[in-house]
Number of protein chains: 2
Amino acid sequence: MEFDIRQSTGHLMVHVMKLHRHTFHKLTEEYDIFPGQPPLLFRLHEKDGQSQKELAESMRVKPATLTVMINRMVKNGHVVRRPDPADQRVSRVYLTDRGRSVMDSVREALALLEEVSFRSFSAEDKQLFHRQLQQMVKDLSEFDAGKYAEGGSTTEME
Amino acid sequence: MEFDIRQSTGHLMVHVMKLHRHTFHKLTEEYDIFPGQPPLLFRLHEKDGQSQKELAESMRVKPATLTVMINRMVKNGHVVRRPDPADQRVSRVYLTDRGRSVMDSVREALALLEEVSFRSFSAEDKQLFHRQLQQMVKDLSEFDAGKYAEGGSTTEME
DNA sequence: GATATATAGTTAGCCGGCTAAATAAAGGAG
DNA sequence: CTCCTTTATTTAGCCGGCTAACTATATATC
């Protein structure tokens, strides 16, 4: 019984996420909002004027990724960047009127997608599913963190 | 009770997949294999010399995506492209010796990741989880297909 | 105060997905 | 046989993620 990628759950999850992303895109492209952007929108809506570093950490994304995303969203008029007066290194990000006005539609799109995705789940099943994902995050994170400490290759040759 | 992206299961799944991808990458970068490539490797291992169109369909990826991926894998020596003698439009893709030799490690990495991801699941839970994902694919696909037929915007204004 | 170090952000370049438009080869209509 | 259409692949350009290297500003040390 060799491992077959085509029947693996990991492979299936990739497919689900691709569908999810694709459908979200169709629902929101008319607002010039793209699939990676809602997390930023929501965080700014909750607390405007955060620094890129704060945002990157909270979104679990690298600062370089955010720089580029924010450039696009500035171009599309959803956010603006303003330097922090007290520290010229940090630039703070603010929602524009357009950014704020788009929030509702984005929220609706996400809520709809969530509804569709779990349409066939009972409330209990969905809760279980969510907890299982959290457990998976834990197990994957632990593995990733420990992978090199033990099986490591630091002292194996020579 | 407004929809909050930070507590949505969709958001959580994105995070899980990012972790999954990242860990796979760490496990296989020494073979010059990247996270999108295993599906291609496995399909060729199962049936060598498929056309790019066949592969794209089976992998649920656009032909343009495959073209680029194959270019890289040719450069890294995992596959080769040879034109179909009977039809000069189609180019068939074959595993090289390196491609074949790398299969085992890739398979192991994927199996390991699958093991880690579902480490805390009972066999029944994992099966249920898998079936739930399949159902999700179904519901999302149906929604995506029907989205424009009904709520469509073809005849709504004017 | 001048130099060294740390921190925030940007740029360049890569992988993986997409769409739209361009090639190139096969097939079909006349 | 020539012209038109279909089909397979490629190219260009975009979004989203990453790393590595660079810039600019703050801070710390001497």
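Lettering follows sequence order; numbering is per chain, from 1.
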- Message: Does a side-chain N or O of A:Lys53 approach OP1 or OP2 of C:dA8 to a distance below 4.0 Å, or not?
- Response: yes

- Measure from NZ or CZ of B:Lys126 to the centre of the six-membered ring of B:Phe118 and say whether it is under 6.0 Å with the direction within 45° of the ring axis. yes

- Query: Salt bridge or not for A:Lys62 and A:Glu57, using N-O below 4.0 Å?
  - Reply: no

- Message: Tell me whether B:Asp84 is salt-bridged to B:Arg89, with the criterion being a basic N under 4.0 Å from an acidic carboxylate O.
- Response: no

- A:Phe3 side chain near B:Glu108 side chain, heavy-atom distance below 4.5 Å: no

- Message: Does the structure place the NZ or CZ of A:Arg81 under 6.0 Å from the centre of the six-membered ring of A:Tyr94, at an angle of no more than 45° from the ring's axis?
- Response: no

- Item | Between D:dG16 (C1') and A:His25 (NE2): distance, integer Å | 12 Å

- For B:Val68, answer base if it contacts any base atom (sugar-phosphate contacts may also be present), sugar-phosphate if it contacts only those atoms, and nothing otherwise; contact means non-hydrogen atoms under 4.0 Å. nothing

- Nearest listed nucleotide, side chain of A:Ala64, among D:dG17, C:dC18, D:dT19: D:dT19

- Hey, is the side chain of B:Gln88 poking within less than 4.0 Å of OP1 or OP2 on D:dT9, counting only N and O atoms? no

- Task: Just compare D:dG16, C:dA12, D:dT9 and give me whichever is closest to any side-chain atom of A:Phe34.
- Result: D:dG16

- Note on the structure: A:Glu29 CD to C:dC18 C1', in whole Å, measures 11 Å

- Mind checking A:Arg21 for me? I need base, sugar-phosphate or nothing, with any heavy atom below 4.0 Å counting as a touch. sugar-phosphate

- Query: Considering only C:dG16, C:dA26, C:dA12, which nucleotide approaches the side chain of B:Asp87 most closely?
  - Reply: C:dA26

- Round to a whole Å and report the spacing from CE of B:Met73 to P of C:dC14. 18 Å

- Using heavy atoms to find the nearest nucleotide of DNA chain D for A:Pro35 and A:Pro85 separately, return the residue whose nucleotide is more 5′. A:Pro35

- Item | Spacing of A:Phe24 atom CZ relative to C:dC18 atom C1', expressed in whole Å | 16 Å

- Message: Just the rounded figure in Å: distance from C1' of C:dA20 to NZ of B:Lys62.
- Response: 13 Å

- Task: Ignoring the backbone of B:Pro63, work out which of C:dG9, C:dG17, D:dT9 is nearest its side chain.
- Result: D:dT9

- Rounded to whole angstroms, how far apart are CE on A:Met17 and P on C:dC18? 15 Å

- Heavy-atom pair with the smallest gap, counting every atom of A:Met59 and B:Lys18: O-NZ, 4.1 Å

- Note on the structure: Taken to the nearest whole Å, CE/B:Met59 to P/C:dG16 is 10 Å

- For DNA chain C, whose closest nucleotide is more 5', that of B:Asn76 or that of B:Arg60? B:Asn76

- Message: Counting the atoms with a prime plus P, OP1 and OP2 as sugar-phosphate, which does B:Thr65 contact under 4.0 Å by heavy atoms, base, sugar-phosphate, or nothing?
- Response: base

- Just how far, in rounded Å, is P of C:dT19 from NZ of A:Lys26? 9 Å

- Message: Side chain of A:Arg81 only, heavy atoms from C-beta on: which candidate in C:dC15, D:dT11, C:dT10 is closest?
- Response: C:dT10

- Task: Tell me which nucleotide among C:dG9, C:dG16, C:dA26 gets nearest to the side chain of A:Thr67.
- Result: C:dG9

- Would you kindly check whether a donor in the side chain of B:Arg89 faces an acceptor in the base of D:dT7, or vice versa, at under 3.5 angstrom? yes

- Message: Which nucleotide wins on minimum distance to the side chain of B:Gln37, given the candidates D:dT10, C:dG16, D:dC18?
- Response: C:dG16

- Message: I want to check one thing: is the phosphate of D:dC14, taken as OP1 and OP2, less than 4.0 Å away from some side-chain N or O of A:Arg72?
- Response: no

